[in-house]
Amino acid sequence: MPKWGMAVDLDRCDGCSACVTACHAENNISTVGADQAARGRAKHWIRVERYWEGEFPDVRLKFRPVMCQHCENAPCEPVCPTYASHHTEDGLNAQVYNRCIGTRYCANACPYNVRFFDFFNPSWDKPLHLQLNPDVSLREVGVMEKCTFCVQRIKAATIQAKAEERKVADGEIKPACAQACPARALVFGDLDDPESAVSRLSRSSRGSKLLEDRGTEPAVTYLSRQS
Amino acid sequence: MDRRSFIKLTAISGTGAALASCGAPENEIIRFVPDEDIMPGIATMKPSVCTLCASGCGLTVRMMMADADVVRDGQSGLVRIHAAKKLEGSADHPVNHGGLCARGQAAIQVTYHPDRITQPLKRTGDRGQGQYDAISWDDAIAELVSRLDMLASASNQKSLAFLSRGRRGHRAALIDRFLAAYGAPGAITHELFNDDVVRRANALSFGRDQLPAFDLPNARYVVSFGADFLGTWNSPTAQGYGYGLMRQGRTGIRGMFVQVESRMSQTGANADQWIPVKPGTEGVLALGLANVIMTAKLRPASAGGRAGTLIAGWSSGLTDFAPEQVEQITGVTAARVERLARELVETSPSVAMIGGSPLAHTNGLFNALAVNALNALLGSVEQRGGLFFTPQINLTAAAKGLAGRASAPSSLDRAAAAILDGSFVPQVLLLDGANPVFTSPKGWGVREALTKIPYIASFGSFLDETAALSDLILPDHSFLEGWTEALPESGSMIAVASVAPAAMMPLHQTRATPDVLLDVGRRLAKPLNLPWENFEALLTETFSALPTTSTFDTWTDAQEKGGWWGMLPPALATAAAPAAQTKPLAFSEPRFDGDAGQYPLHFLPYASSAFLDGSLAHLPWLQEMPDPLTSAMWSSWIEINTATAAKLGIREGDIVEVASSQGALRTSAIVSPGIAPDVVAMPVGQGHQRFTRYATGRGENPLELLAPLADSETGNLAWAATRVRITRVGDPDGRLILFAGGSREEQDRGR
């Protein structure tokens, strides 16, 4: 059984935000418009955080793309009364939309702030809806949504490999963010395979987990920027 | 027992009876849809070419079935179509290598935009009001033909003008050929962030009238003078790919990177050293580095070659640019100049680049030539880890029918001036892609000039500020609906021509502009001698002339791959052509509009990550994409240094008035440590008066404050040469929308 994970090389990431838009395009994330965005209701399953250090002229800015960390010990899971937020055996922190009753306990519990609540039914000004990805369900009002590691791509590749009676090759699955990234800062794969690119990167001496002390055991490893 | 095990156990014991028959109950509880029941949709992948900027990235379009309301042969109805679902970078393309920037990802929304012009329109209301009636294609083309015939019968063909963004490629070549065959002058081109100063400098220094490409994967030290090469400048996806490899693509080697600029760009945020300089003195710093290198005899002045001879005082070692003098002019300490120069030589291969605001001063060409000379001195021209020129295909050599071109393109400011002073007023204007009413300084009087032209026909897909002045609209296909192509000017070490057929059927009653032009040419009373039945025929001709790189013929292979790339035979290549030698250029102080006492701050408009020059502000994904440096969405803002803001009593989000000699606007303040105290910066892109439901009336357009100064050598707009003053006029009013902050991300800047 694979265990999916990601490595984010902050020495490669240049903050361009291609991942942010790619995620919208793949996962049917609706834009909410200026008024709702002003109320904190914009949904970005992956975002680029910025950390300023120092004052002019000795000032530095570091970027960090943050998405659901798919924690092994996910704080969002035990608080869900309906098991909408649950763990799959291949290491995904999954969200079953039609089980979710919108308590938002999971968003409260998540230390990474990566869960987004649908405050209203999504809408697309026609014909923008023609772009919607039929492999990804639309979320209705009152539901929590978040990064799935592009589970639809994982499933498609797994089913394809099964039909061809082979294993999923390393690098065969690319979530939309990793696929778009010009600098190849995001690497996805099977952490259970010690030879996979993501496993090798995750073992790097530059690696660390986000808010490691919370004991969440994220599946995402950040490789520190070298300057 | 950890928490999850505990939860699972309680869950199991609660529902245990119901699941007693299941083999692994803890799995069954959380099963939602069994794998066997998941049927991923069947997608087909088609090649395409992104046309949102000039980079020419290759695309792979994910196509699936969808039900669309379409009009076919005058009948509307719900039709199952093959629809584009997702744009991905083409994995093998030599420019983007599988990556695709945020703007490219959003490009699909151009096709599906709710406010696209869906069929030919004829103006009914006053110009600029945007009131149009639908007309048929036959009537629309007949109207344009009659206008052109009228000009021709009066032997006034030169009064046809064509206004475009002036990109390179087959489309531009066909337009040019159309104009020449008709007897009209070459197109008027306008691109706000146009890099013409760099092209001119490269033509002078290296005989190459084009943007450079950089071998970043092999570079060990990069110094960038103002170039936002990871964000918006030149070929960002190609450079982002190279950057990743430069940093972490080699075992034991990590390329270093220094950014010189007065406002931290997205690119500058990644630099190992970020060096602010006084605006317009970038070239002086480059010469200071050259001075140190020559004085310390690390490299001889002769290494500067032709590029060196273009700089006054080069052969005598640039004695006016000793580190102490450079410190006086640029504000960069002499010790730092010394150290940087030595690092550049010792950490080879090293390369310098220049782009963006350093070129947009009155001494822009000098800054570019100085950096070129530095590159030559470092030995980084056409060398591993250095600067290259992507071989350019000579289209005229590939397609004989393109021989006989129109006169060289003219610039919009001169064309507008000629119209306003009455010396030359075109009688018919064809408008393709450019929106100069939005992207030019008020001082050029572009809107007033265009309204003096009796007849304007536009090929655009959206009603923007300029298109709204047109009398006739002949809407083009989106790039997914027709032949799409680009001849990348840079971003690749090898020659490349991107091309792809339509990925999908047109959604609306639109027609490909190149085909419309050919059609018009045929229908004129005196038909034009253009040898192609349609645009495809021209593409077939040029691509068939290229050498094949597979077992297929070149044209079939190119359509399958989304382009051709490889070794270009010399007969098909554009030869290096050294521009006429000019006398050496000396540093001249940059001039700024606005008295320093009255307008104390330098005003720096910059290409926004989301919208570039504003031409992408109509795409909702880009409107809602948090800006990389501020996290702002759907907004305009001005960046002010922390200390300056404190002095002026300005806090984040406050409404400020920004005034120049040209006018004033009010926008939100963002207080930032990443900008020099005497500089304020504002992203270009918002402030559209008319550009679809998503951009109209949103934010402010910084270009309205620009004084029409120009680079003294090339005449190119000096868009970084305006001074402003800033006054706080009110508390935050909610118009600045940030994604970070509050419950999301701790943000504690400048307070």
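Order of the sequence lines fixes the chain letters, A, B, ..., with proteins taken first and strands second; residue numbering starts at 1 for each chain.
- Contact annotation for A/Asp9: only side-chain heavy atoms (C-beta onward) come within less than 4.5 Å of a heavy atom of chain B.
- Contact annotation for A/Asp11: both backbone and side-chain heavy atoms come within less than 4.5 Å of a heavy atom of chain B.
- For A/Cys19, no part lies near chain B; criterion is any non-hydrogen pair under 4.5 Å.
- With a 4.5 angstrom heavy-atom cutoff, A/Glu26 touches chain B via backbone and side-chain atoms both.
- For the atom pair OH (B/Tyr243) and CZ (A/Arg12), the distance works out to 10.5 Å, reported to the nearest 0.5 Å.
- Contact count versus chain B (heavy atoms, under 4.5 Å) is highest, among A/His129, A/Lys126, A/Lys43, for A/Lys126.
- For A/Arg41, no part lies under 4.5 angstrom from a heavy atom of chain B.
- Closest approach of B/Lys85 to A/Gln131, counting heavy atoms only: O-NE2, 2.9 Å.
- With a 4.5 Å cut-off on non-hydrogen atoms, A/Ser204 does not touch chain B at all.
- Only the side chain of A/Ala176 comes within less than 4.5 Å of a heavy atom of chain B; its backbone N, CA, C and O stay farther away.
- Within the 4.5 angstrom heavy-atom criterion, no atom of A/Leu10 approaches chain B.
- The contact between A/Val32 and chain B is made by backbone and side chain atoms together, counting heavy-atom distances below 4.5 Å.
- Neither the backbone nor the side chain of A/Ala185 comes within contact range of chain B; no heavy atom of the residue lies under 4.5 Å from a heavy atom of that chain.
- With a 4.5 angstrom heavy-atom cutoff, A/Arg39 does not touch chain B via any of its atoms.
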